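Note sheet for the following structure.
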Amino acid sequence: MRKLNFIRTLLLALCVPLALAYMPSPASAQIAVGISVHVGPPAIPVYVQPPCPTEGFLWTPGYWAYGNAGYYWVPGVWVAPPRAGLLWTPGYWGFAGGVYGWHAGYWGPHVGFYGGVNYGFGYHGVGFVGGEWRGGHFAYNTAVVNVNTAVVHTTFFDRTVVHEDVGVRASFNGGPNGTRAVATAQERAAEHEQHVNATSEQMGHERAAGLDRSNFASENHGRPANAAMSRVGERAENQQKRIGEGVESGKMNAGETAHVEKQEHNINQQVKSDREANGGKLTPAEKKQVNKEQNKTSKEIHKDKKDNSKKDQK
């Protein structure tokens, strides 16, 4: 009874309608009635930010989500905001009453409280210093975020806001080894502004991360191999690029290319059919199967290139 009362209290404090509206799948880490996590997430890994691929995209830092197989890393990624003028407040884990609960991120005119978690790249625990809206255009602070100036032209340089990231970064607020931050007056005010939930692209990105076994902390021990992406769906794009590079270099022949292309098509069709059958979501078993097929295709690309390379050397 005590646990149930705590969860109800926590739900009210976290604005449960917002959290539930954001929930992309049963594997998501959003707070819901009866859901609690008794083990804290790993530390935020230190990684390199890819350059902004398109003018107007904003950086959304990586975070640990929670699924049936435990915590998994959702790579940081550049995304299009719902509309000009909005900024992203990252989600964060909070510890209270012996459990860790997820506070969903959101879009709004100002950055709210995100637990004092140092996500890096402008999100150093309070606010965001990686850039600002100037009219309908976003200006990027190149002292903080990685920008390709050949693609992005609205920039400025302000090193006074730079915070050096040193050592391990706590991924939750409160509890043992968590941050001790409390919301500032500005952050509390931002929480009461009109918010926009995470976009469908962001939710799809989290779902895709949950399909990749290498993202799970049980596999990577808190050090994900692909901690960040330039854009959503980059894994599938990279797989396609590898096929193309194999053809160009002569390391994959036409038959091998057609074979892996067919596998990629079948995987995409499988995901589409499974989601249609389950109200737009994948069951844990289906997620496991899709990830298994993706890994199989990746290994075949590598094997075909390696085998053909050996033939060339003979």
Side-chain angles (χ1 to χ4, degrees), residues 18 21-22 24 44-65 73-92 103-159 161-163 165 169 186-187 190-191 193-209 226-235 237:
L18 176 64
Y22 175 75
I44 301 296
V46 177
Y47 56 92
V48 176
Q49 182 187 49
C52 180
T54 305
E55 189 115 33
F57 274 31
L58 270 62
W59 179 251
T60 57
Y63 58 94
W64 292 102
W73 180 252
V74 180
V77 67
W78 293 95
V79 300
R83 61 175 180 269
L86 296 183
L87 297 170
W88 177 245
T89 295
Y92 72 96
H103 302 237
Y106 57 85
W107 294 95
H110 299 94
V111 176
F113 184 65
Y114 51 93
V117 175
N118 179 7
Y119 286 108
F121 311 112
Y123 297 97
H124 297 294
V126 178
F128 174 64
V129 294
E132 60 191 29
W133 286 101
R134 296 177 179 176
H137 299 279
F138 191 80
Y140 300 82
N141 183 0
T142 56
V144 177
V145 295
N146 189 3
V147 171
N148 181 354
T149 54
V151 176
V152 176
H153 305 293
T154 309
T155 64
F156 65 98
F157 187 88
D158 180 7
R159 194 169 174 77
V161 297
V162 172
H163 291 240
D165 295 331
R169 296 198 293 235
Q186 271 187 315
E187 289 171 327
E191 289 177 358
E193 295 175 329
Q194 186 174 6
H195 297 157
V196 177
N197 292 339
T199 64
S200 58
E201 185 179 46
Q202 288 174 282
M203 292 189 288
H205 179 60
E206 182 179 295
R207 282 195 293 267
N226 300 305
M229 299 179 178
S230 292
R231 60 177 74 240
V232 172
E234 192 174 47
R235 183 189 184 193
E237 290 179 9

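Side chains are part of it too, since the values below use all heavy atoms of this structure and drop only hydrogens, waters and symmetry mates. This one's a predicted model, so the numbers in the text were calculated from it and none came from an experiment.
Nearest heavy atoms, E193 versus P109: OE1-CG, 3.2 Å. Residue V144 comes nearest to V161 through the heavy atom pair CG2-CG2, 4.1 Å, listed as atom of the first residue, atom of the second, then distance. Closest heavy-atom contact between V74 and A65: CG2-CB, 3.8 Å. In plain terms, the two heavy atoms of G130 and V145 that are nearest each other are O-CG2, 3.6 Å.
Aromatic pair Y119/F128: centroids not less than 6.0 angstrom apart.
With contacts defined as side-chain heavy-atom distances shorter than 4.5 Å, the pair Y106/P90 does not qualify. Between F138 and L87, some side-chain heavy-atom pair lies under the 4.5 Å cut-off. No side-chain heavy atom of W78 sits under 4.5 Å from any side-chain heavy atom of R231. Side-chain contact between E206 and Y63 is present, with at least one heavy-atom pair separated by less than 4.5 Å. Taking the side chain as every heavy atom from C-beta outward, V151 and E55 never approach each other to under 4.5 Å. The closest side-chain heavy-atom distance from W73 to I44 is below 4.5 Å. Residues P75 and Y47 have side chains not in contact (no heavy-atom distance under 4.5 Å, counting atoms from C-beta outward). Between L58 and W88 there is no side-chain heavy-atom pair separated by less than 4.5 Å.
Distance alone, capped at 3.5 Å, is enough to place a donor-acceptor pair between the T199 side chain and the Q202 backbone. In this structure, H137 contributes its side chain and A84 its backbone to no donor-acceptor pair below 3.5 Å. Under a 3.5 Å cut-off, the side chain of Y114 and the backbone N or O of G127 do form a donor-acceptor pair. A donor-acceptor pair is defined here as one N or O able to donate and one able to accept, closer than 3.5 Å; such a pair exists between the side chain of Q49 and the backbone of N146. Judged purely by atom type and a 3.5 angstrom limit, Y123 uses its side chain to pair as donor or acceptor with the backbone of W59. A donor-acceptor contact shorter than 3.5 Å links the side chain of T89 to the backbone of G112.
Using modelled atom types and a 3.5 Å distance limit, the side chains of H110 and Q186 yield no donor-acceptor pair. No hydrogens or angles considered: nothing links the side chains of Q194 and W107 as a donor-acceptor pair under 3.5 Å.
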Test ring-ring contact (aromatic ring centres under 6.0 Å, His included) on Y92 and F113 and set out the steps.
-> CA-CA 9 Å; Y92 72 96; F113 184 65; 5.5 Å; yes

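With sequence neighbours excluded, no residue forms a side chain to side chain donor-acceptor pair (under 3.5 Å) with T54.
Other residues, nucleotides and ligands contribute more than 12 heavy atoms inside 6.0 Å of the CD atom of E132. Taking a 6.0 Å sphere around CZ of R134, one finds it holds more than 12 heavy atoms contributed by other residues, nucleotides or ligands.
A side-chain contact (heavy atoms from CB on, under 4.5 Å) with V147 is found for one member of T154, T155, N141 and no other, namely T155.
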